[in-house]
Amino acid sequence: MKRLLLALAAASLLSGCATIVGSETQSVRIDSIPQGATFVVQDETGRAVAEGITPKTVVLEKSTGRYFGKKSYQVMMERPGYVPLTLPLKEKANLWYILGNIPLGGFPGWLLVDPFYGGMYNIEPAVVQPVINRVGARAG
């Protein structure tokens, strides 16, 4: 009985809520109006991690694996006859990380487990769908 209680206590202290509930990756839909634009997604190092033609869903990592190492991305779009466009993707801590660790004792999840794992972040927006303008078009 003591071993079972010790195992449960260790599991709760060594786990983080975002780690349990979240995932290390997130699907992001890349689209455009009009569709058919080519795109490249670059990470914080400038490395291309995804590319294609809109619409397409890509899977992106949420953590660098370092302590509080959230990824950051930018989406670059272009289409012949249209103005090229660059959009940032932001990562924010999700509610599982912010509030979910309270029932599990808080600090081990907040400071020791979740910060190394991407499950604590959400990539926003989850759907990228900008209107790309024709070259020479006037904004209304």
Side-chain angles (χ1 to χ4, degrees):
M1 184 66 173
K2 283 184 178 181
R3 287 184 184 174
L4 178 61
L5 290 175
L6 183 62
L8 289 173
S12 70
L13 290 175
L14 297 176
S15 64
C17 195
T19 301
I20 295 168
V21 177
S23 68
E24 297 178 35
T25 61
Q26 180 177 329
S27 295
V28 176
R29 182 169 169 79
I30 310 291
D31 204 348
S32 62
I33 299 173
Q35 294 180 336
T38 59
F39 71 88
V40 174
V41 180
Q42 287 184 338
D43 69 5
E44 67 282 350
T45 66
R47 183 174 58 99
V49 295
E51 57 186 72
I53 298 173
T54 62
K56 184 176 180 180
T57 300
V58 297
V59 177
L60 301 175
E61 296 284 327
K62 296 195 283 185
S63 174
T64 63
R66 290 179 285 134
Y67 191 65
F68 284 103
K70 66 181 174 180
K71 301 280 288 179
S72 62
Y73 297 100
Q74 62 180 3
V75 179
M76 293 169 285
M77 286 187 189
E78 58 182 19
R79 182 175 172 175
Y82 290 81
V83 178
L85 186 62
T86 300
L87 302 165
L89 298 178
K90 306 266 186 201
E91 286 200 359
K92 296 183 179 177
N94 61 34
L95 286 177
W96 285 113
Y97 172 69
I98 296 169
L99 300 176
N101 282 306
I102 293 171
L104 295 176
F107 290 108
W110 280 320
L111 299 176
L112 299 176
V113 180
D114 287 342
F116 288 104
Y117 182 73
M120 68 182 278
Y121 299 113
N122 285 338
I123 300 173
E124 296 177 1
V127 177
V128 177
Q129 190 178 24
V131 174
I132 52 177
N133 295 314
R134 287 189 173 278
V135 172
R138 294 184 184 174

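Judged purely by atom type and a 3.5 angstrom limit, R29 has no side-chain atom pairing as donor or acceptor with the backbone of Q129. No side-chain donor-acceptor contact under 3.5 Å links K70 to the backbone of S63. At least one donor-acceptor pair closer than 3.5 Å links the side chain of E44 to the backbone N or O of S72. In terms of modelled atom types and a separation under 3.5 Å, the side chain of T54 and the main chain of Q35 share no donor-acceptor contact.
In terms of heavy-atom proximity, A37 sits nearest to I132 at CB-CD1, 3.9 Å. Heavy atoms only, all atoms of each residue included: D31 and P130 are closest at O-CD, 3.3 Å. Considering every non-hydrogen atom in both K62 and Y121, the closest pair reads NZ-O, 2.9 Å.
Side-chain heavy atoms closer than 4.5 Å link hydrophobic residues (I, L, V, M, F, W, Y) into clusters, and following such links, possibly through other members, connects Y82 to M77. Hydrophobic clustering (side-chain heavy atoms under 4.5 Å, transitive across Ile, Leu, Val, Met, Phe, Trp, Tyr) groups L85 together with V58.
One finds the CD atom of Q42 at 11.5 Å from the CG atom of L89 (value rounded to the nearest 0.5 Å). The line from CG of N133 to CZ of R79 is 12.5 Å long, rounded to the nearest 0.5 Å. Interatomic distance, NZ of K56 versus CZ of F39, reported as 5.5 Å (0.5 Å rounding). To the nearest 0.5 angstrom, L60 atom CG is 9.5 Å from D43 atom CG.
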Show your reasoning for whether side-chain contact (heavy atoms from CB on, under 4.5 Å) applies to I30 and V75. CA-CA 9 Å; I30 310 291; V75 179; 4.1 Å; yes
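Not counting sequence neighbours, Q26 has no partner by the side-chain hydrogen bond (donor to acceptor under 3.5 Å, both in side chains) test. Contacts of E51 classified as side-chain hydrogen bond (donor to acceptor under 3.5 Å, both in side chains), with partners at least two apart in sequence or in another chain: none.
Shown here is E78, whose CD atom has no more than 12 heavy atoms of other residues, nucleotides or ligands within 6.0 Å.
Sorted by first and then second residue, the pairs that involve residues 121-131 and meet salt bridge (Lys or Arg N to Asp or Glu O under 4.0 Å), not counting sequence neighbours, are K92-E124.
A salt bridge between K71 and E91 is absent, with no side-chain N of the basic residue lying under 4.0 Å from a carboxylate O of the acidic one.
Checked options V128, V49, L87; the residue passing with V41 is V49 (criterion: side chain to side chain contact (heavy atoms under 4.5 Å, CB included)).
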